[in-house]
Amino acid sequence: MSNSVNPTPVEETPGYDPSAIEQKWQESWKEAKTNVTDVANAPDPFYALMMFPYPSAEGLHVGNLFAFVGNDIYGRFQRLQGHNVFEPLGYDAFGIHSENYALKVGKHPMDLIPQNIANFRRQLERAGLMVDWTHSLSTTDPDYYRWTQWVFLQLLKQGLAYKKQAAVNWCPSCKTVLANEQVIGGACERCDTPVEQRFLSQWFFRISDYSARLLSNLDKLDWSETTKTAQRNWIGRSEGAELTFAVAGKSNESIRVFTTRPDTVFGATYLVMAPEHPLVPALTNSLYKSAVDQYLTRSAKQDVVARKSNTEKTGVFTGAHAINPATGKNIPIWISDYVLMEYGTGAIMAVPGHDERDFEFAQVFGLPIVRVVVGEGEDPSTQLTEAFTENERGIIVNSGEFDGTTVATAKRDIVTMLEQKGAGKPVVNYRLHDWCISRQRYWGPPIPIIYCDDHGAVPVPEKDLPVVLPYVDDFKPDDSGISPLARHEDWYRVPCPECGKMSRRETDVSDTFLDSAWYFLRYPSVGIDEVAFDAAITKKWLPVDSYIGGNEHAVLHLLYSRFITMVLSDMGIIDFEEPFTRFRAHGLIIRNGAKMSKSKGNVVIPDHYIEKWGADAFRTYLMFLGPFEEGGDFRDASISGVKRFLDRLWASVAVACDSATPDRPADEDVMRKLHQTIQKVGDDIPKLSYNTAVAAMMEYMNALRRGERTPSRAEVEPLVQLVSPFAPHIAEELWEKMGKTGSVFDARWPSYDPGLIAADKIDLVVQINGKTRGKLSVARDIGQDDAVVAALAEDSMAKFLSGEPKKIIFVPGRLL
RNA sequence: GCGGAAGUGGCGGAAUUGGUAGACGCGCUGGACUUAGGAUCCAGUGGAGAAAUCCGUGGGGGUUCGAGUCCCCCCUUUCGCACCA
């Protein structure tokens, strides 16, 4: 293939050679520091952030690139609007994934990660991203995790980090504790091994203290609705009441339950406690002790999967009774594992008539079922064959003075009644649990705590950070539940910062999600050693203007980032409490209709495609294959269409700029189309509707070449700018060819003339009896009467009318 | 089970507030130029029909002059969450 840059006539141009010009411009950008942002002095900052990748050994995945290119286009577009765009990119390189891979290939992650990062960097640069590499970071760099440890200390200072002995999810395969969020359907999210219960002392963050704010702030954010919904569901707000049931015969004991249906309290015929409930031993009647103990042992041993997949309800009677505060009757207290200690109070009032689970349990153990809600006009005495869970329109029955009221009013009134008795209060409950950040692993930032016999858990003084993760060879976790670092006495034996007495470091490392929960704060301040993030620079750049990332992080990563930001905001360290003003999730790329996977061998390796088609064509194709927020189907054959488009662009500019062809005045229709295209592309990019933007440019290209006409300069020049966010290299090259000085990205986005867009003549669609029968080319501002006359004059339309039209509907400029 | 999203040609996908369904691209058909064509260019391309015309957006109802779009009932796919009281 020729790599000639000389313009050649359209008919004979086989296409342009991307490899030469892409390399040329990548070098040029580097040299001219085109993509380096002056973070300290930028007058009009715009922070275009994308989620940083985990630098896997396999290299950059096409899904990563899809996301990065999507962000890059947005960033480049903002730059063309005149903003100083900051587009950083780093690496999320700590964590189980890297560590497991290192174990698998028998290498040390500290050696492996730099190689992977170098490879990623090479691939990313080849893709022509507008990334400011002077502000890159890796979470594994001590200069970074020093500040991750600092963040931990800030939370500790605020009383938001605490240690507790807790039942935790233990993955026997990864040999580590998992956060609740990392357990998918009772199995480890990484290796699918069923999770077991273990008790370990762990560090937690009090994210649940922030539930209400994390929820209510969502309303103010410009995020995709699906992401907000996912967050709302995760936070899981439920409005209800906490009711107190006195224990019969033990006036000093009572059981608190949470319910969303206080209106059904008259139908509570028994109580159920979780097996782990602290009151279980005290309440168990000695006659029932052995049965209870047996049940407790069984459920403690049973792993989570088995417990959750129990098809039939199990349980055991404690022998004790509680007093229903509404009815005053004694009701039995049971224990069952269908009640979860983690949610609510770990105990429930069971209303078998109106809760499916309670109904099932009552059936198994023959407990009484009392009906307290009926549907409209229903007879309360009819036998229930299943729980009646109608909430909204139900009518209360068998509930004394509340009979006949609706569920909605009874919810309120019954709580008020119980509140007067001191037996209840309205409560809002959240599903969100505190965030366990301890990991009994090697590949993470050590938690900066020193345990002293005299002073307890002492934070490492900030001046002593970072607590450097030592290079150790035996980093493989074992079954002990203790971090690999605990095998290295020379590392963990340190003097207490308070008294100097020999003490022991915390040997757990922190969760990877902590690394990524604040990295966006660090980027602009990369290179500053004294603080995690510089106050003035942070004020200038944050919150992030645009954040793009995968849906798989729509819940946890975003929630944790919001939490950390809120905490820092409450401390007065930053002056905003939401980190990401705008967030959009990109879609997933599949391959020929199927998911990409290594086992299927259908993984798209970006390098091959970039080599064959060029980064510009590859980028543009990725954006063209489907809506950015939905992803799409990657089909090799379709790339040629995009390459053809770029070839035609190349050729069109070549002839338009050819000094041999005299410059022609621009064609009126083509110019109208051009301005329409400028408008369309400019509207589509902010909406991330990249596929239609590309289609619009192709359409314009077709108009430009229609009838073998020779395009003029004025017709092609703005198109080069429109294409530039998608295909930056060819745009720079053509910009230069057109005699422009400086980067095309330092020019301004072309503007359109609204007057030019509106044509004088329009096609008026004529429908008769709702069916389209033709169209009329008429003046834009034609009136109804003239339009009707014109339509009737056309035989092809008039023939569908049997007589005079009965009713005429006229939409000006559009339809008759 | 709960919650979200989506069903449009051979394929990927377009369609402001209801107003020419199928933009754009792939593929396919024919033609031009060619020693050649998996290059390039031109024309065509939802289905049926010789044509007029009719039928077409998962299925069935409905609202409307007019429905891919709005309402009701189904079916399918897919992604989250899942004994959350």
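Every chain is numbered from 1 and lettered A, B, ... according to where its sequence line falls, protein lines coming before strand lines. Worth saying up front: this structure is predicted, and the values here are computed from it rather than measured.
Close to B:C41, at under 4.0 Å from its OP1 or OP2, lies a side-chain N or O of A:Arg705. One finds no side-chain N or O of A:Asn551 lying less than 4.0 angstrom from the OP1 or OP2 phosphate oxygen of B:G4. Between A:Arg232 and B:G4 there is no side-chain polar atom (N or O) within less than 4.0 angstrom of OP1 or OP2.
B:C79 and B:A67 have their C1' atoms separated by 29 Å, given to the nearest Å. When the P atom is used for both B:A23 and B:G13, the distance is 15 Å, rounded to whole Å. The separation of B:U77 from B:C28, taken at their C1' atoms, amounts to 29 Å, rounded to a whole angstrom. Annotation: B:U20 and B:U57 have their C1' atoms spaced 15 Å apart (nearest Å). Atom name P, nucleotides B:G47 and B:G10: the rounded distance is 7 Å, in whole Å. Between the P atoms of B:A21 and B:G66, the separation comes to 14 Å (whole Å). Comparing the P positions of B:A51 and B:U45 gives a spacing of 13 Å, expressed to the nearest Å. Rounded to a whole angstrom, the distance from the C1' atom of B:G58 to that of B:U53 is 27 Å.
In this entry the distance linking CE of A:Met697 with P of B:A23 reads 18 Å, nearest Å. Between A:Leu558 atom CG and B:G80 atom C1' the separation is 15 Å, expressed in whole Å. Separating the CG atom of A:Asp358 from the C1' atom of B:C83 is a distance of 10 Å, rounded to the nearest angstrom. Protein atom CG of A:Asp684 is 15 Å distant from nucleotide atom P of B:C24, rounded to whole Å. When the C1' atom of B:G25 is taken as reference, atom OH of A:Tyr690 falls 20 Å away, rounded to whole Å. Protein atom CE of A:Met701 is 15 Å distant from nucleotide atom C1' of B:C41, rounded to whole Å. Rounded to whole angstrom, the span from the NZ atom of A:Lys687 across to the C1' atom of B:U16 amounts to 8 Å. Atoms NE2 (A:His277) and P (B:A85) sit 17 Å apart, rounded to a whole Å.
In this structure, the side-chain contact (heavy atoms from CB on, under 4.5 Å) partners of A:Asp669, at least two apart in sequence or on a different chain, are A:Asp667, A:Arg672.
Nucleotide B:G9 is shown with a syn base, its glycosidic torsion being within 90° of 0.
No more than 12 heavy atoms of other residues, nucleotides or ligands lie within 6.0 Å of CZ in A:Arg256, so this atom counts as exposed by the packing criterion.
With salt bridges taken as basic N to acidic carboxylate O contacts below 4.0 Å, none links A:Asp358 and A:Lys313. Ionic pairing of A:Asp683 and A:Lys687 is not present here: no N-O contact between side-chain nitrogen and carboxylate oxygen is shorter than 4.0 angstrom. Between A:Asp219 and A:Lys228 there is no salt bridge, since no side-chain N of the basic residue sits under 4.0 Å from a carboxylate O of the acidic one.
Nearest approach of A:Ala696 to A:Thr677, heavy atoms of both residues: O-CG2, 3.7 Å. Scanning all heavy atoms of the two residues, the minimum distance from A:Ile589 to A:Leu622 falls at CD1-CD2, 4.5 Å.
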Can you give the dot-bracket line for RNA chain B, using ( ) for pairs inside the strand, [ ] for pairs that cross earlier ones, | for pairs with another strand and . for unpaired bases, where Watson-Crick and G-U count if both distances are under 3.5 Å? (((((((..(((......[....)))((((((.......))))))(((....)))..(((((..]....))))))))))))....
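For A:Ala695, whose side chain is taken as the heavy atoms from C-beta onward, the closest listed nucleotide among B:G3, B:A23, B:A85 is B:A23. The side chain of A:Ser640 lies closest to B:C26, out of B:A23, B:G3, B:C26. Closest approach to the A:Arg431 side chain among B:C41, B:C83, B:A82 is made by B:A82 (side chain taken as heavy atoms from C-beta onward). In this structure, of B:C26, B:C81, B:C41, it is B:C41 that holds the atom nearest to the side chain of A:Arg648. Of the candidates B:C26, B:A85, B:G25, B:A85 carries the atom nearest the A:Ile348 side chain, counting heavy atoms from C-beta on. Distance from the side chain of A:Phe258 is smallest to B:A85 among B:A85, B:C26, B:C83.
At a threshold of 4.0 angstrom between heavy atoms, the contacts of A:Ala230 with the nucleic acid are absent.
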Carefully, step by step, assess A:Ile255 and A:Met273 under the rule side chain to side chain contact (heavy atoms under 4.5 Å, CB included). CA-CA 9 Å; A:Ile255 297 173; A:Met273 294 194 290; 4.0 Å; yes
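The aromatic ring centres of A:Phe645 and A:Phe726 sit 6.0 Å or more apart. Aromatic ring centres of A:Phe365 and A:Trp334 lie closer together than 6.0 Å.
Of the two residues near RNA chain B, A:Val694 and A:Tyr343, the one whose nearest nucleotide lies more 5' is A:Val694. For the pair A:Asp355 and A:Thr226, both in contact range of RNA chain B, the more 5′-proximal nearest nucleotide belongs to A:Thr226.
Using modelled atom types, one finds a donor on one side chain and an acceptor on the other under 3.5 Å when comparing A:Thr314 with A:Tyr295.
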Quick tally for nucleotides 7-14 of chain B: nucleotides whose base has a protein heavy atom under 4.0 Å get B, sugar-phosphate-only ones S, the rest -, giving ----SBSS
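Atom CD1 of A:Ile73 and atom CD1 of A:Ile685 lie 7.0 Å apart (nearest 0.5 Å).
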